[in-house]
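Counting from 1, the numbers follow the sequence of the chain as shown. Quantities reported herein were computed from a predicted structural model and do not represent experimental measurements. Both ligands and their constituent atoms are indexed starting at 1 by order of listing.
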Amino acid sequence: MRVLSVASEAFPLIKTGGLADVVGALPVALAPLGVEVRTLLPGYPAVIAAIKGTETVHRWQELFGGSASLIAGEAGMRKLLVLDAPHLFNRPGNPYVDADGRDWPDNAERFAALALVAAEIGGGLLGAYVPDVVHAHDWQAALVPAYLRFGRLAVPHSHVPATMLTVHNLAFQGQFPPSLLEKLHLPPQAFTMDGVEYYGRIGFLKGGLALADHITTVSPTYAMEIQGPEMGMGLDGLLRHRAGALTGILNGVDTDIWNPEADEHLAARYDVHRLQSRKRNKAAVRRQFGLMDDDSGPLVAVISRLTWQKGMDLLLTALPRLLAEGGQLALLGAGEAALEADLTAAAARYPGRVGIVLGYDEKLSHLLQGGADAILVPSRFEPCGLTQLYGLRYGTVPIVARVGGLADTVIDANDAAIAAGVATGFQFTPVTVDALGAALTRAARVFQSPTTWRSMQERGMATDVSWLRPAKQYADIYTALSHRRRK
Ligand code: ADP
């Protein structure tokens with residue numbers, strides 16, 4: 001089984017969020033199942049610098065305004081195809097926005113180019129390499145099925161692969177003015193309700209949702225939620241229409257990278273039998289976040305993009321409830337300027353109790369998981385969420401909103417669950433300041449009972465958060481799709 005995975009980011013080459021973790025980890029998890037994945041990525045400087053064993057396998061004189069080439073190579077265990085189009089991708093920093101945080105004005109062309117090239121490869125551009133399935137991730141890759149259906153591909157279709165689209169976050173849809181249609185090499189017949197047209201504009205994600213053979217999203221609960229108006233972000237009607245081809249598959253985590261026994265970013269490594277070693281990590285966290293040495297309440301960590309989705313404004317208002325129980329907050333994040341300012345002010349207001357580090361710091365995120373008592377994820381919506389999974393693996397008890405993948409991965413410590421010995425964390429609903437505050441209080445009270453807390457840590461660490469099960473689910477869908485295509 002050959003799968004071409006297409007995405008705008010992949011760990012460890014380029015990452016802004018969970019999408020990269022999934023795109024990076026899935027190929028490694030699928031290999032033992034006989035699925036050979038190649039990943040097509042844009043040739044950002046960081047990607048070009050990281051690939052090894054390169055060979056140019058195709059050239060274009062002109063691709064969306066400049067010359068381009070397709071480079072085959074490897075990064076670690078991952079086989080890559082990289083679209084080296086300097087006029088589109090040779091820009092440092094974040095893949096989507098300029099230094100001032102504004103979307104690049106040519107994002108439509110940049111990611112249309114990525115999808116078009118994926119469709120070309122799917123159609124047989126590389127001759128010897130023909131994927132059975134092209135698996136597109138998020139809006140940046142979502143035009144693949146549209147190009148296979150409507151595009152004037154350079155090579156005549158010697159082959160039509162099956163297509164799959166995974167939605168990592170329905171909030172990012174890639175909508176652009178209809179005047180771009182021709183520039184994106186899409187014919188007028190693509191601009192219909194069954195194609196890429198979306199309320200008079202071109203919708204990249206919408207087109208993918210309408211045309212892909214199969215759609216997945218990253219948790220079963222999110223798969224249900226997005227079929228309703230509250231979380232459907234305007235696409236719930238289409239998603240209900242496609243419900244028969246929509247599956248929720250939970251993300252796993254890369255258990256080699258996220259392994260407290262071997263994590264080189266920790267001050268002290270540990271396993272479930274040596275949880276006391278976490279104290280050294282906690283001390284290191286406190287040093288880095290300027291927190292005082294006081295264990296009267298739990299040290300709660302947040303590792304997050306700072307946006308409305310992530311509920312950081314709710315946290316700011318609920319914070320006194322945590323502090324009243326003797327708790328502390330260590331927050332690592334970057335995002336909206338107003339939230340960054342408010343969080344900075346909170347750290348100044350509660351010195352030694354609230355510490356924040358603004359920015360993106362992979363190493364520090366590992367240390368936080370290895371040292372904090374709890375990891376808080378108060379999202380208003382959350383397709384899967386990864387930090388609570390890392391928390392389970394690291395014995396960092398998750399406190400989460402009961403939405404999306406957070407609902408599917410944490411077992412709430414209600415009285416029955418504690419009595420039955422199955423609780424792994426704390427959930428709250430609805431996603432309000434009050435419910436969040438109550439959950440923080442509840443967690444702080446359970447923290448006062450070290451045996452209960454410890455057994456929750458142990459159960460979290462015993463939870464299977466690996467890619468084993470999800471990889472099998474992806475492989476089964478690939479198989480079903482490619483069989484259907486052959487018939
Ligand atoms: P999303 O993809 O919506 O941002 P996820 O929870 O799915 O949320 O994934 C977030 C990923 O990014 C996790 O791997 C998390 O550890 C990481 N992350 C988020 N913010 C930061 C940060 N400021 N520094 C380091 N890692 C971060």
message: Checking Val354 against Arg349 for the side-chain contact (heavy atoms from CB on, under 4.5 Å) test, could you report, in this order, the C-alpha distance in whole Å, the side-chain angles of both residues, the deciding distance, and whether it holds?
response: CA-CA 8 Å; Val354 175; Arg349 196 174 323 129; over 6 Å; no
May I ask you to decide whether [X] forms a salt bridge with [Y], counting only side-chain N to carboxylate O separations under 4.0 Å?
| X | Y | result |
| --- | --- | --- |
| Arg110 | Asp103 | no |
| Asp295 | Lys279 | no |
| Arg353 | Asp294 | yes |

Which ligand 1 atoms are under 4.0 Å away from a heavy-atom of [X]?
| X | answer |
| --- | --- |
| Ser304 | 20 (N) |
| Asp21 | 11 (C), 13 (C), 14 (O) |
| Lys310 | 1 (P), 3 (O), 4 (O), 8 (O) |

[X] N/O to ligand 1 N/O under 3.5 Å:
| X | answer |
| --- | --- |
| Ile303 | no |
| Asp361 | yes |
| Thr16 | no |

Distance from [atom] to nearest protein heavy atom, with residue and atom:
| atom | answer |
| --- | --- |
| atom 4 (O) of ligand 1 | Arg305 NE, 2.7 Å |
| atom 6 (O) of ligand 1 | Leu386 N, 3.0 Å |
| atom 12 (O) of ligand 1 | Lys15 CE, 3.7 Å |
| atom 2 (O) of ligand 1 | Gly18 N, 2.7 Å |

- line: Value for OG (Ser466) from CZ (Arg393), rounded to nearest 0.5 Å, stands at 8.5 Å
Test item, [X] contacting ligand 1 (heavy atom, 4.0 angstrom):
| X | value |
| --- | --- |
| Cys384 | no |
| Asn169 | no |
| Gly359 | yes |
| His168 | no |

query: Does the pair Arg454 and Gln457 meet the rule for a side-chain contact (heavy atoms from CB on, under 4.5 Å), with working shown?
result: CA-CA 5 Å; Arg454 194 190 162 94; Gln457 289 179 294; 4.1 Å; yes
field: Nearest neighbour of atom 27 (C) of ligand 1 from the list Tyr360, Tyr390, Phe172, Trp258, on a heavy-atom basis
entry: Tyr360
Closest candidate by heavy atom, reference atom 15 (C) of ligand 1, pool Leu19, Val253, Thr387: Thr387
- request: Show your working on side-chain contact (heavy atoms from CB on, under 4.5 Å) between Asp412 and Arg442 and close with a plain yes or no.
  value: CA-CA 11 Å; Asp412 179 58; Arg442 202 151 58 92; 2.9 Å; yes
message: Among residues at least two apart in sequence or on other chains, which ones pass ring-ring contact (aromatic ring centres under 6.0 Å, His included) with Trp104?
response: none
query: Can you tell me if CZ on Arg469 sees more than 12 non-hydrogen neighbours from other groups inside 6.0 Å?
result: no
- request: Using atom types as modelled and distance alone, determine if a side-chain donor or acceptor of Arg305 lies under 3.5 Å from a backbone N or O of Lys310.
  value: no
- prompt: What part of Val377, side chain from CB on, backbone N/CA/C/O, both or neither, has a heavy atom under 4.0 Å from ligand 1?
  reply: neither
task: Hey, can you tell me if Phe89 and Tyr44 have their rings parallel, tilted or perpendicular (30° and 60° cut-offs)?
output: perpendicular
